[in-house]
Amino acid sequence: MAFKPLGKRVLVEREQEEKKTASGLIIPDNATEKPSIGVVKEISKEVEKAGEIKKGDKVLFGKYKGSEVKLDNKDYIVLDDEDILGVLK
């Protein structure tokens, strides 16, 4: 399913958090925080015009920002462009 954000929004796929400790213990999902880093999958036309963010960028975003959505059995987050704190290089 294709998804194109509207307004000044960006579709981001969160990075998966490591589920094991260094010693090999498995950490349950309810004991971990959701990561605030993800990869940009789609951007709206308005964000594209600004040229600061592009598809494929790894970005850092606010902890409690955005709306979570599920598309094609994958979890994504839709963020306003102002909720993105920066691009990781």
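FYI, the numbering just counts along the sequence from 1.
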* Any sub-3.5 Å donor-acceptor pair from K58's side-chain atoms to G38's backbone N or O? -> no
* Asked: Can any side-chain N or O of S44 pair as donor or acceptor with the backbone N or O of G7 at less than 3.5 Å?
  -> yes
* **Pairing residues for K65 by the side-chain hydrogen bond (donor to acceptor under 3.5 Å, both in side chains) criterion, not counting sequence neighbours** => none
* To do: Any chance you could measure I53, atom CD1, to I84, atom CD1, to the nearest 0.5 Å?
  => 3.5 Å
* Which residues satisfy the side-chain hydrogen bond (donor to acceptor under 3.5 Å, both in side chains) test with D81, sequence neighbours excluded? -> none
* Has K4 got more than 12 heavy atoms of other residues, nucleotides or ligands less than 6.0 Å from its NZ? -> yes
* All side-chain hydrogen bond (donor to acceptor under 3.5 Å, both in side chains) counterparts of K41, not counting sequence neighbours -> E13
* Asked: Any chain of hydrophobic side-chain contacts (each under 4.5 Å) joining V12 to V87?
  -> yes
* Looking at F3 and L71, what are the two nearest heavy atoms and their distance? -> CB-CD1, 3.8 Å
* **From E42 atom CD to E48 atom CD, the distance as rounded to the nearest 0.5 Å** => 9.0 Å
* To do: Give the intermediate values and the outcome of side chain to side chain contact (heavy atoms under 4.5 Å, CB included) for residues R14 and D75.
  => CA-CA 8 Å; R14 285 186 197 261; D75 293 323; over 6 Å; no
* Structure fact -> Interatomic distance, CG@L60 vs CG@L85, rounded to 0.5 Å, equals 5.0 Å
* Would you give the length of the straight line joining atom CD1 of I43 to atom NZ of K49, rounded to the nearest 0.5 angstrom? => 12.0 Å
* Asked: How far does OH of Y76 sit from NZ of K70, to the nearest 0.5 angstrom?
  -> 11.0 Å
* Would D80 and K8 satisfy side chain to side chain contact (heavy atoms under 4.5 Å, CB included), going step by step from the backbone distance to the final call? -> CA-CA 6 Å; D80 288 329; K8 293 184 176 183; 5.9 Å; no
